[in-house]
Amino acid sequence: MNPCKSVRAAVYGLLVLIVHSVVVISADFSYDDPDRWAETDPACAGSRQSPIDIVPSTTVAASDDEQSLKLHGFYRKPVSIRVENNGHTAQYTFVWSKDSHRPTVTGGPLHRDLYAFEQFHFHWGAEDDRGSEHTFDGQALALEVHFVFFNREYGTFEKAVEQPDGLTVLGALYNVRGDKAKGDAKWARPLPKIRDAGSATTVEGKDVFSLSEVAGGEWERYYSYPGSLTTPPCAESVTWIVRNGSIPVAPKDLRALRNLLDSNGEPLVDNFRPVQPLNDRTVTRYGF
């Protein structure tokens with residue numbers, strides 16, 4: 001690791017000593033009172049929190065010498081997929097025959113650092129006018145997917161989350177298609193099997209799918225900014241990449257998410273954090 005990164009990591013580590021317990025801490029939060037998350041997870045009151053409202057007219061264009069974002073393995077299918085209702089979202093974890101088969105991303109705001117895929121999950125609303133965590137000019141959409149990657153330099157997700165450049169999350173927003181849209185996306189098929197919080201199922205064989213089948217493979221135009229995890233412990237370790245525009249989701253598939261139950265047996269909906277202050281951060285646009 002170069003000396004500059006070592007210094008940044010040491011300072012940052014003082015601010016997030018509790019992050020190593022990420023799995024335990026994140027099980028205890030509620031979307032009913034996100035303003036109180038900082039009482040148990042101080043990083044949630046930090047200065048580079050996510051999500052944010054993206055105002056395109058105030059973003060800054062990336063310089064011409066910035067290298068393009070390079071995605072590898074987004075069309076590769078895993079051996080199997082574990083799908084879990086953790087009480088807060090539906091989370092998908094891919095199982096690979098070799099660790100080297102994980103999809104990776106580099107370039108763009110990530111420069112030469114290589115980030116490996118860890119998991120993806122969704123955020124959605126009870127109604128179509130809300131649900132996405134990021135908004136554009138104050139406008140939310142019904143659904144947002146987050147593809148979570150960790151910096152290979154740190155070896156594992158658990159170690160990377162403690163570093164200021166440890167993670168990158170690719171976010172994509174969905175708009176709802178017409179009521180007669182057929183639906184039946186592969187990612188939605190296992191959801192009836194995990195209706196209860198704490199339940200899980202495994203997708204295998206012909207039902208396995210790639211990342212490109214979740215949100216497409218086109219990431220030429222996007223916005224990026226330094227931010228955080230959007231759930232406790234709110235670690236400020238994320239380089240966000242939020243795709244410009246939206247992709248369609250069928251009402252049937254969105255209903256499959258809304259039919260899930262939280263840990264209290266109530267409908268698992270409105271699992272999004274309100275947008276956070278931008279403070280002195282710059283949002284950079286790439287590709288346009």
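Here the side chains of Gln163 and Ser237 are not in contact, with every heavy-atom distance at 4.5 Å or above. By the 4.5 Å heavy-atom criterion applied to side chains, Arg112 and Gln67 are counted as neighbours. Between Ser210 and Lys77, the closest side-chain pair of non-hydrogen atoms falls below 4.5 Å. Contact annotation: the side chain of Val176 approaches that of Pro251 to within less than 4.5 Å [non-hydrogen atoms, C-beta and beyond]. The closest side-chain heavy-atom distance from Leu191 to Asn259 is not below 4.5 Å. Lys70 has its side chain out of reach of Val105: every pair of non-hydrogen atoms, C-beta onward, lies at least 4.5 Å apart. The closest side-chain heavy-atom distance from Cys44 to Glu236 is not below 4.5 Å. Residues Pro274 and Pro34 are in side-chain contact: their nearest non-hydrogen atoms beyond the backbone lie under 4.5 Å apart.
Ala235 approaches Val161 most closely through the heavy-atom pair CB-O, 3.8 Å. Nearest heavy-atom pair across Glu162 and Glu158 is CG-O, 3.9 Å. A pairwise comparison of heavy atoms in Pro109 and Thr239 identifies CB-CG2, 4.1 Å as the closest pair. Nearest heavy atoms, Tyr115 versus Gly166: CE2-O, 3.7 Å. Nearest approach of Phe149 to Phe117, heavy atoms of both residues: CD2-N, 3.2 Å. Closest approach of Ser50 and Gly227 over heavy atoms only: OG-CA, 3.3 Å.
No side-chain donor from either of Gln276 and Arg48 sits under 3.5 Å from a side-chain acceptor of the other. A donor-acceptor contact under 3.5 angstrom links the side chains of Arg285 and Thr59, judged on distance only. Residues Thr135 and Asp53 bring a donor and an acceptor atom of their side chains to less than 3.5 Å of each other.
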I'd like to know whether His123 forms a side-chain contact (heavy atoms from CB on, under 4.5 Å) with Asn271, so could you lay out the CA-CA distance, the side-chain angles of the two residues, the decisive distance to 0.1 Å, and finally the verdict. CA-CA 6 Å; His123 298 269; Asn271 59 342; 4.1 Å; yes

Chi angles and distances behind the side-chain contact (heavy atoms from CB on, under 4.5 Å) call for Arg243, Arg221: CA-CA 6 Å; Arg243 188 160 62 184; Arg221 299 183 176 188; over 6 Å; no

Show your working on ring pair (Phe, Tyr, Trp, His ring centres under 6.0 Å) between Phe29 and Tyr31 and close with a plain yes or no. CA-CA 7 Å; Phe29 72 91; Tyr31 282 105; 5.4 Å; yes

Apply side chain to side chain donor-acceptor pair (under 3.5 Å) to Asp165 and Tyr154, showing your working. CA-CA 10 Å; Asp165 60 348; Tyr154 303 115; 2.6 Å; yes

Test Ser246 against Tyr174 for side-chain contact (heavy atoms from CB on, under 4.5 Å), laying out the working first. CA-CA 5 Å; Ser246 61; Tyr174 295 77; 5.9 Å; no

Begin from the C-alpha positions of Val79 and Trp96 and carry the test side-chain contact (heavy atoms from CB on, under 4.5 Å) through to its verdict. CA-CA 5 Å; Val79 174; Trp96 307 94; 5.7 Å; no

His121/Phe147 under ring pair (Phe, Tyr, Trp, His ring centres under 6.0 Å): CA gap, chis, key distance, verdict: CA-CA 7 Å; His121 59 270; Phe147 299 103; 9.3 Å; no

For Asp207 and Lys186, what are the C-alpha separation, side-chain angles and deciding distance, and is it a salt bridge (Lys or Arg N to Asp or Glu O under 4.0 Å)? CA-CA 7 Å; Asp207 293 321; Lys186 279 191 173 183; 5.9 Å; no

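Within the 3.5 Å criterion, the main-chain N or O of Leu268 finds a donor-acceptor partner in the side chain of Trp124. For the pair Asp253 (side chain) and Ala185 (backbone), a donor-acceptor distance under 3.5 Å is present. Between the side chain of Gln49 and the backbone N or O of Cys234, at least one donor-acceptor pair lies under 3.5 Å. A donor-acceptor contact shorter than 3.5 Å is absent between the side chain of Thr202 and the backbone of Val83. The main-chain N or O of Ser199 is never found under 3.5 Å from a side-chain atom of Asn85 such that the two would form a donor-acceptor pair. Counting only distance, with no hydrogens or angles, the side chain of Glu204 and the backbone of Ile81 share no donor-acceptor pair below 3.5 Å. Of the possible polar contacts, one joining the Ser132 side chain to the Leu141 backbone as a donor-acceptor pair under 3.5 Å is found. Of the possible donor and acceptor atoms, one in the side chain of Thr106 sits under 3.5 Å from a partner among the backbone N and O of Asp113. Side-chain atoms of Asn86 come within 3.5 Å of backbone atoms of His88 as a donor-acceptor pair (strictly under, hydrogens ignored). For Asn151 (side chain) and Leu167 (main-chain N/O), no donor-acceptor pair under 3.5 Å exists by modelled atom type.
None of Ile54, Val169, Ile52 except one satisfies the side-chain contact (heavy atoms from CB on, under 4.5 Å) rule with Trp240; the exception is Val169.
Interatomic distance, CZ of Phe122 versus CD of Glu144, reported as 11.0 Å (0.5 Å rounding). To the nearest 0.5 Å, atoms NE2 (His146) and CG (Leu229) are separated by 10.5 Å. Asp262 CG to Ser30 OG: the interatomic distance, rounded to the nearest 0.5 Å, is 8.5 Å. The distance from the CZ atom of Arg102 to the CG atom of Leu211 is 11.5 Å, given to the nearest 0.5 Å. Rounding to the nearest 0.5 Å gives a distance of 11.5 Å between CZ of Phe272 and OG1 of Thr230. Taking CG from Leu170 and CG from Leu69, the interatomic distance works out to 6.5 Å, rounded to the nearest 0.5 Å.
Within 6.0 Å of atom CZ in Arg281, more than 12 heavy atoms from other residues, nucleotides or ligands are found, so the atom counts as buried in its surroundings. Atom CD of Glu218 sits in a crowded spot, with more than 12 heavy atoms from other residues, nucleotides or ligands closer than 6.0 Å.
Applying the side chain to side chain donor-acceptor pair (under 3.5 Å) rule to Asp128 yields the partners Arg258; only residues at least two apart in sequence or on another chain are considered.
Transitive grouping of hydrophobic side chains (ILVMFWY, heavy atoms separated by less than 4.5 Å) brings Phe136 and Val283 into a common cluster. A chain of hydrophobic side-chain contacts below 4.5 Å, direct or via other Ile, Leu, Val, Met, Phe, Trp or Tyr residues, connects Phe209 to Phe74. In terms of hydrophobic clustering, with Ile, Leu, Val, Met, Phe, Trp and Tyr side chains grouped at heavy-atom distances under 4.5 Å, Val214 and Ile247 are assigned to a common cluster. Criterion: ILVMFWY side-chain heavy atoms under 4.5 Å apart, direct or through other members. Under it, Val275 and Tyr225 are not part of a common hydrophobic cluster. Residues Leu143 and Leu260 share a single hydrophobic cluster, defined by chaining ILVMFWY side chains whose heavy atoms lie under 4.5 Å apart.
A salt bridge is defined here as a Lys NZ or Arg NE, NH1 or NH2 lying under 4.0 Å from an Asp or Glu carboxylate O, and Asp270 with Arg130 meets this definition. Between Asp99 and Arg152 there is a salt bridge, since a side-chain N of the basic residue sits under 4.0 Å from a carboxylate O of the acidic one.
For the disulfide (SG to SG under 2.5 Å) condition, no pair includes a residue of residues 242-288, sequence neighbours left out.
The aromatic ring centroids of Phe288 and Tyr222 lie 6.0 Å or more from each other.
Relative orientation of the Phe120 and Tyr92 rings is parallel, given thresholds of 30° and 60° on the angle between their planes.
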